[in-house]
Amino acid sequence: MLSYSPPPCLHLHSHRYPHSTTVSSSLHRNLNHPNTQAPEPVLRIHNSKTTSLLRQPATTNNKSENTPHRNENEHRQHRDSSQTTGDNPQTPQLTLPPQEKQNILEMSLVTKRPPQFPGSIYSNSLPSLQSVLQTQNDTQRPENDEEDEEVMIRRALEIRRKVTAEVFKGATKKGKFGITYSTNMVNRLSEFIDNVMIEAAALKRLPEFKDSTFNLRAKVVIDDSNVVPLIRWLKHNNLSYPKIAKLICMSKGNLYSIRRLVEWLKTIHVKGEFIGATLLKSGDDILQRRFEEFGEIVEYLESHGVRRDWIGFVISRCPRLLSYRMEEVKTRVEFYLTMGMNENDFGTMVFDYPGVLGYFTLEEMNEKVNYLKEFGLSTEHVGKLLAFRPQLMGCSIEERWKPLVKYLYYLGITRDGMRRMLTIKPMIFCFDFETTIAPKVQFFRDLGVREDAIGNMLVKFPPLLTYSLHKKIQPLVIFLMTKAGVAEKDIGKVVALGPELFGCSITKTLDVNVKYFLSLGIRVRQLGEMIADFPKLLRYKVDLLYPKYRYLRRTMVRPLQDLIEFPRFSSYSLEERIIPRHKIMVENRVNFKLRYMLACTDEEFNERVADKVERRRRFESGCMDSALSCSQTVEGARILWGHRRSELEELGDLVHFFPNVNNNEISPGNKGFVYISRIVQCVSIEVPFRESSSCMVPRKYGKIEGQQHR
């Protein structure tokens, strides 16, 4: 029988339990004793302040007693273990839960003590990692089967990855980053963590790191890469942590290239808020390319109309340009220059929509240009159209253009009408007709606009479809019906005849004109009728309307009713149409209504004047012949008056000039008698003219500007 006495550093305490022993250590403990065989572990039930798992080599006094009770399998396991260990004592096998084993594996690789809550116990002594792994392997694998090596390697790599992440998190904390920011950053840097782990393992081959721990080597790799100062610098340049993490992973360990590229983007005036998006959207190999290639692209764009201060804006809106080779950039630029664009048009086009150079393939660009040519446009016209509205290249043919063309054709718009809409307002072909155009068309139908008039209205004024329905169209309709006096039955007519009104400002143009016409003495209802007859009346400026009105009232001596009956008078030029024709009427002593005076061509007007002069000549000659056969009495004058009354009406409504002449009654005391007497005497037909007027006073109006006409 072998006897075993504990070393002087250990104190053995006996308890009332026969098979229980408490062992405590004051200095150190030795788990492996050279002269003992594999003892069974002793359960500790003594001190509650320590969590060390101590193992006491038990005496072998009772070994012979327990030996007969072992079965054949136990002898076989003991024989296998003795062959593997040789003379060394066997490591005791522990029975631990899987979760506790995993915690022990992780804690064995942690360098710093994890935070504990107050009063908790921290174990400074853990079971050996080899014993835990061996126990874990024995519990997870079947009997007589060895665990796959690959699974063990993967488990070890996962543990090393967690340790590297903890080391990196500690480095970011030293860089004065918050815990949340450091955790979020580490969670997105899986590729960089793996790279650090590989380099730290490679440092083991160097002599100076031969005996160093993995944690120390990982810390050295992180410090040498200067990743923490780089994160601080990128964060200072308005980059969020997801963008920073993606850039670090894209660098593939070459972190210095990130700083160089950011500095270069600043030299071409890329703003800080767009630097991150520019780096991430410019391609995966952007950090591996030479800066000379970027400089060639910038110089080529500058030589073709793109200004130097525009380059940063263009690159930030289309970062994909930096991913193209120089030959690809030249091909794309030549595609637009061959359509008749000059350098200025090309430069402004790229500035307005930088994606026109980089977001589409050459096949898509050719397909869209050919589709636009089907509207009857030449290559040069398409080039001008794209230079004016390059956003057309961003529209899909199948999803945007073809449905819109079918809808416009349903409204009765022909190909020529579509070409007019495309050339005047190409932005219409960039809209989704279901959400933008169809609601407006339905609103016009509800107003009373006829189906055949909607298409003509849109072709006449294409910008109407670009206005907001709730902010522009509906408020203007409400204004016309409330402030301008347009009746509900006429609002559809006004919209159909004058869609240009929707392009005017309500406060700056329409409301000012309405107040001006009301100040002239025109009633609201009359103004509404004028607008229904001529909707463009409200579009003219007051500075242009007032001189025409003053000439109508003072020089032409026309009443306000003439303007109400013919509101188009305000649309004619005063110097080129109104004054010249009025002079012709004065010279020929004829009179016309405003409608017949202005709403005709010069040839038609001259024919009307000549016809009027001829009819007056015939009237004068007829009066002279009639005077020879008539008496010079009042009765003869009355008869002559009745026969020639219709002719006098044609000569300027002379009958209504005399207020006392009604129903062919003439008395010697009125003015009609005086003039008719002169007619009877065959002297002449005198038509009253003022020195400043060439036309007789119209019927039913004897007062102009407060004076009685004579």
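In terms of modelled atom types and a separation under 3.5 Å, the side chain of Thr423 and the main chain of Arg420 share a donor-acceptor contact. One N or O on the side chain of Asn366 and one on the backbone of Leu362 form a donor-acceptor pair closer than 3.5 Å. Not one N or O on the side chain of Arg558 forms a donor-acceptor pair closer than 3.5 Å with the backbone of Tyr551. With hydrogens and angles disregarded, no donor-acceptor distance shorter than 3.5 Å links the side chain of Asp562 to the backbone of Leu594. Side-chain atoms of Lys612 never come within 3.5 Å of backbone atoms of Asn588 as a donor-acceptor pair (strictly under, hydrogens ignored). When atom types are taken as modelled, the side chain of Lys548 and the backbone of Ser570 share a donor-acceptor pair closer than 3.5 angstrom. Counting only distance, with no hydrogens or angles, the side chain of Gln526 and the backbone of Arg523 share a donor-acceptor pair below 3.5 Å. Formation of a donor-acceptor pair under 3.5 Å by the Arg568 side chain with backbone atoms of Leu598 is not found in this model. With hydrogens and angles ignored, the 3.5 Å screen pairs a side-chain donor or acceptor of Lys440 with a backbone N or O of Tyr467.
Summarising the geometry, atom CE belonging to Met393 is positioned 8.0 Å from atom CG belonging to Leu372; distances are rounded to the nearest 0.5 Å. Interatomic distance, Leu322 CG to Trp264 CH2, rounded to the nearest 0.5 Å: 5.5 Å. Going from atom CG of Leu422 over to atom CG of Leu385 covers 5.0 Å, rounded to the nearest 0.5 Å. Atoms CD and CZ, on Glu328 and Arg320 in that order, are 11.0 Å from each other to the nearest 0.5 Å. If you take OG1 on Thr466 and CZ on Phe502, they are separated by 12.0 Å, rounding to the nearest 0.5 Å. Taken to the nearest 0.5 Å, the CG atom of Asn342 stands 9.0 Å off from the CG atom of Leu337.
Between Asp533 and Phe566, the closest side-chain pair of non-hydrogen atoms is not below 4.5 Å. Side-chain contact check for Phe431 versus Arg400: every heavy-atom pair is 4.5 Å or farther apart. The closest side-chain heavy-atom distance from Thr331 to Phe335 is not below 4.5 Å. Residues Ser396 and Trp401 fail the side-chain proximity criterion, which asks for heavy atoms closer than 4.5 Å. The shortest distance between side-chain heavy atoms of Val369 and Thr379 does not fall below 4.5 Å. Within the 4.5 Å cutoff, the side chain of Lys515 has no heavy atoms near those of the Leu518 side chain. Side chains of Ser573 and Ile578 form no contact here, defined as non-hydrogen atoms less than 4.5 Å apart. A 4.5 Å side-chain heavy-atom check between Ile275 and Asn238 finds every atom pair outside the cut-off.
A salt bridge between Lys368 and Glu364 is absent, with no side-chain N of the basic residue lying under 4.0 Å from a carboxylate O of the acidic one. Under the 4.0 Å criterion applied to side-chain N and carboxylate O atoms, Arg307 and Glu302 are not assigned as salt-bridge partners. Using a 4.0 Å cut-off between a side-chain N of Lys or Arg and a carboxylate O of Asp or Glu, Arg618 and Glu614 qualify as a salt bridge. Look at Arg389 and Asp352 and you find no salt bridge, because none of the NZ, NE, NH1 or NH2 atoms lies under 4.0 Å from a carboxylate O. A salt bridge links Glu529 with Arg525: the closest approach of a Lys/Arg side-chain nitrogen to an acidic carboxylate oxygen falls below 4.0 angstrom. Checked for salt-bridge contact, Arg419 and Asp416 meet the test: a charged N lies under 4.0 Å from a carboxylate O. Between Asp452 and Arg450 a salt bridge is recorded (basic side-chain N to carboxylate O distance below 4.0 Å).
If you check the side chains of Asp446 and Gln442, you find a donor sitting under 3.5 Å from an acceptor. Between Lys266 and Asn237, the side chains place a donor N or O and an acceptor N or O closer than 3.5 Å (distance only, hydrogens not considered). Between the side chains of Lys536 and Ser571, not a single donor N or O lies within less than 3.5 Å of an accepting N or O.
For the side chain to side chain contact (heavy atoms under 4.5 Å, CB included) test, residues two or more places apart in sequence or in another chain that qualify with Arg188 are Tyr241, Pro242, Ala245. In this structure Glu293 satisfies the side chain to side chain contact (heavy atoms under 4.5 Å, CB included) test together with Arg289, Arg290, Arg325, sequence neighbours excluded. Partners of Tyr407 under the ring pair (Phe, Tyr, Trp, His ring centres under 6.0 Å) rule, at least two apart in sequence or in another chain, are Phe433.
The side-chain contact (heavy atoms from CB on, under 4.5 Å) test with Ile428 singles out one residue from Thr436, Leu458, Leu464, Ile437, and that residue is Ile437. A side-chain contact (heavy atoms from CB on, under 4.5 Å) with Leu357 is found for exactly one of Val314, Val329, Val350, Val306, namely Val350.
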(message) Using side chain to side chain contact (heavy atoms under 4.5 Å, CB included), reason through Leu537 and Asn513 one step at a time and then give a plain yes or no.
(response) CA-CA 9 Å; Leu537 181 65; Asn513 289 348; over 6 Å; no

(request) Show your working on ring pair (Phe, Tyr, Trp, His ring centres under 6.0 Å) between Phe429 and Tyr371 and close with a plain yes or no. (result) CA-CA 12 Å; Phe429 284 75; Tyr371 188 86; 8.6 Å; no

(request) Give the intermediate values and the outcome of side chain to side chain contact (heavy atoms under 4.5 Å, CB included) for residues Ser378 and Lys373. (result) CA-CA 6 Å; Ser378 61; Lys373 290 181 180 179; over 6 Å; no

(request) Show your working on side chain to side chain contact (heavy atoms under 4.5 Å, CB included) between Arg445 and Ile454 and close with a plain yes or no. (result) CA-CA 8 Å; Arg445 290 172 181 164; Ile454 293 179; 3.5 Å; yes

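Applying the 6.0 Å contact sphere to NZ of Lys472 captures more than 12 heavy atoms from other residues, nucleotides or ligands. Within a 6.0 Å sphere centred on OH of Tyr300, other residues, nucleotides and ligands contribute more than 12 heavy atoms. Other residues, nucleotides and ligands contribute only 12 or fewer heavy atoms inside 6.0 Å of the CZ atom of Phe388. In this structure, His381 places its NE2 atom where only 12 or fewer heavy-atom neighbours from other residues, nucleotides or ligands lie under 6.0 Å away.
Across all non-hydrogen atoms, the minimal contact from Cys504 to Arg539 is SG-CG, 3.8 Å. Residues Pro499 and Ala496 share a closest heavy-atom pair of CD-O, 3.6 Å. In terms of heavy atoms, Val356 sits closest to Met349 at CG1-CE, 3.9 Å. Across every non-hydrogen atom of Met250 and Leu279, the tightest pair is CE-O, 4.0 Å. Taking both residues in full, the closest heavy atoms of Leu560 and Arg553 are given as N-NH1, 2.9 Å, listed atom of the first, atom of the second, then distance. Between Gly347 and Trp310, the shortest heavy-atom contact is O-CZ3, 3.6 Å.
The aromatic rings of Phe294 and Phe291 sit perpendicular to each other, their planes meeting at more than 60°, with 30° as the lower class boundary.
A cation-pi geometry, defined here as NZ or CZ lying under 6.0 Å from the six-membered ring centre and within 45° of its normal, holds between Arg317 and Phe274. Cation-pi contact between Arg581 and Phe605: present, with separation from the ring centre below 6.0 Å and deviation from the ring axis of at most 45°.
Here the two rings, on Phe313 and His269, have centers that are 6.0 Å apart or farther.
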